[in-house]
There are 2 protein chains.
Amino acid sequence: MNIGQAARATGISAKMIRYYDEIGLVRPAARTEANYREYDARQVNELRFIRRARNLGFSMAEITRLLSLWRDRERPSREVKAIADRHVADLDARIAEMQAMADALRHLSHCCAGDDRPDCPILADLTAGSLPSDPPRRSRPS
Amino acid sequence: MNIGQAARATGISAKMIRYYDEIGLVRPAARTEANYREYDARQVNELRFIRRARNLGFSMAEITRLLSLWRDRERPSREVKAIADRHVADLDARIAEMQAMADALRHLSHCCAGDDRPDCPILADLTAGSLPSDPPRRSRPS
DNA sequence: GATGGACCTTCCCATGATGGGAGGGTCAAG
DNA sequence: CTTGACCCTCCCATCATGGGAAGGTCCATC
């Protein structure tokens with residue numbers, strides 16, 4: 001199966017499949033004489049695996065780890081569970097952080113007349129705001 | 001006030017202040033003879049404004065807009081409110097999406113023994129999972 | 001008035017996941 | 001054999017951010 005077929009079979013763009021090859025995450029089973037990447041069922045499954053993990057919001061680093069556990073028939077489920085639990089905790093933290101932002105903004109917006117006049121508590125808050133000492137800047141996988 | 005002092009006064013790195021200058025978001029009030037950037041109270045306030053908006057999770061594009069509204073004494077509060085409301089809606093959507101991910105993972109993790117044995121519903125799900133047709137890939141400002 | 005250290009400048013590079021595109025080779029159907 | 005769809009590699013761009021090099025500036029201390 002060449003890269004385009006693998007792309008259609010997995011829902012991952014050919015570009016990204018080449019990228020995964022490049023970073024060593026999923027290498028093609030072989031190359032044809034014409035240097036075309038050849039994928040078989042194993043790689044296609046791995047690519048699907050990656051897509052699903054990505055859909056669950058795992059970072060590429062987490063996916064790399066999960067994939068190596070997936071490839072290892074003997075892995076203890078403990079390790080997988082640990083990654084999943086860490087990821088859940090991370091998601092929960094981000095959710096809480098975003099919830100706080102949304103609530104703060106909702107409050108400000110609620111206090112803003114939203115008419116033709118220039119008085120606006122939202123901008124007023126941004127001008128003089130209390131800023132509660134830097135929320136962390138996390139990076140986002142998805 | 002030079003860039004280092006402005007950085008300390010606003011909590012934004014000198015690097016980022018130079019970047020904001022470069023993209024035209026906040027230009028220094030002047031340059032000294034030695035070509036040092038000179039910031040005064042106005043710019044420092046604007047930089048603080050940016051930091052607070054960033055802390056609320058606004059994207060740079062939104063901040064650019066908010067800043068121009070902030071600079072315009074005559075702006076109708078309606079416009080500001082519209083941006084804030086859109087941002088709240090966006091946050092809510094992301095929160096729901098992440099909540100769904102976290103719930104799905106929590107469920108899987110709950111079903112995983114997490115011991116020495118290799119049987120793991122989490123990997124099983126990633127292997128065969130139903131994947132409910134691509135959740136959107138949003139970019140994240142913060 | 002020199003020296004040293006803290007500061008400033010610009011320029012270049014890297015990140016991570018992704019897409020765009022150019023320039024060129026390959027394959028299969030007509 | 002031609003044509004169009006496909007593949008290859010290589011380069012560039014994104015966006016906000018940081019690292020670092022090479023070189024100029026400022027100020028306090030000797």
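Residue numbers start from 1 in every chain, and the chains themselves are labelled A, B, ... in the order their sequence lines are given, proteins ahead of strands. For the numbers below, each heavy atom of this structure counts, side chains included, while hydrogens, waters and symmetry mates do not.
In this structure, A:Asp85 CG and A:Asp90 CG are separated by 12.5 Å, a value rounded to the nearest 0.5 Å. Remark: B:Leu47 CG to B:Arg52 CZ distance equals 10.5 Å, nearest 0.5 Å. Separating the CD1 atom in A:Ile50 from the CD atom in A:Gln43 is a distance of 10.5 Å, to the nearest 0.5 Å.
We find that CG of B:Leu25 is positioned 14 Å from P of D:dC15, with the value rounded to whole Å. In this entry the distance linking CG of A:Asp21 with C1' of D:dC8 reads 12 Å, nearest Å. For A:Met60 and C:dA17, the CE to P distance is 5 Å, given to the nearest whole Å. For the pair A:Ile17 CD1 and D:dC8 C1', the computed distance is 15 Å after rounding to whole Å. D:dC8 atom P lies 15 Å from atom CD of A:Glu33, rounded to whole Å. Atom C1' of nucleotide D:dG19 and atom OH of B:Tyr19 are separated by 17 Å, given to the nearest angstrom. When rounded to the nearest whole Å, the span between CE of A:Met16 and C1' of C:dG19 equals 10 Å. As a whole-Å value, the separation of A:Ile12 CD1 from C:dT18 C1' is 13 Å.
Between the side chain of A:Arg106 and the main chain of B:Val88, no donor-acceptor pair closer than 3.5 Å is present. Checking side-chain atoms of B:Glu38 against main-chain N and O of B:Met1 turns up a donor-acceptor pair under 3.5 Å. Judged by distance alone, the side chain of A:Asn2 and the main-chain N or O of A:Gln5 form a donor-acceptor pair under 3.5 Å.
When each of A:Tyr20 and A:Thr32 is assigned the nucleotide of DNA chain C with its nearest heavy atom, A:Tyr20 is the one assigned upstream, toward the 5' end.
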| task | Start with the C-alpha distance between A:Arg51 and A:Ile12, add both sets of side-chain angles, then the distance that settles side chain to side chain contact (heavy atoms under 4.5 Å, CB included), and finish with yes or no. | result | CA-CA 7 Å; A:Arg51 188 162 100 101; A:Ile12 297 180; 4.1 Å; yes
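At a threshold of 4.0 Å, the pair B:Arg42-B:Glu46 counts as salt-bridged, since one of the basic side-chain nitrogens sits closer than that to a carboxylate oxygen.
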What does the list of N/O pairs under 3.5 Å between the protein and nucleotides 1-4 of chain C look like, with a distance for each?
none

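Residue A:Ser13 places at least one side-chain N or O under 4.0 Å from the OP1 or OP2 atom of C:dG19.
By the criterion of side-chain heavy atoms lying less than 4.5 angstrom apart, applied directly or through intervening Ile, Leu, Val, Met, Phe, Trp or Tyr residues, A:Ile17 is not grouped with A:Tyr36; the two fall into different hydrophobic clusters.
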| Could you write nucleotides 6-13 of chain C as a row of B, S and -, 5' to 3', where a protein heavy atom under 4.0 Å of any base atom gives B, of only sugar-phosphate atoms gives S, and otherwise -? | -BSBBB--
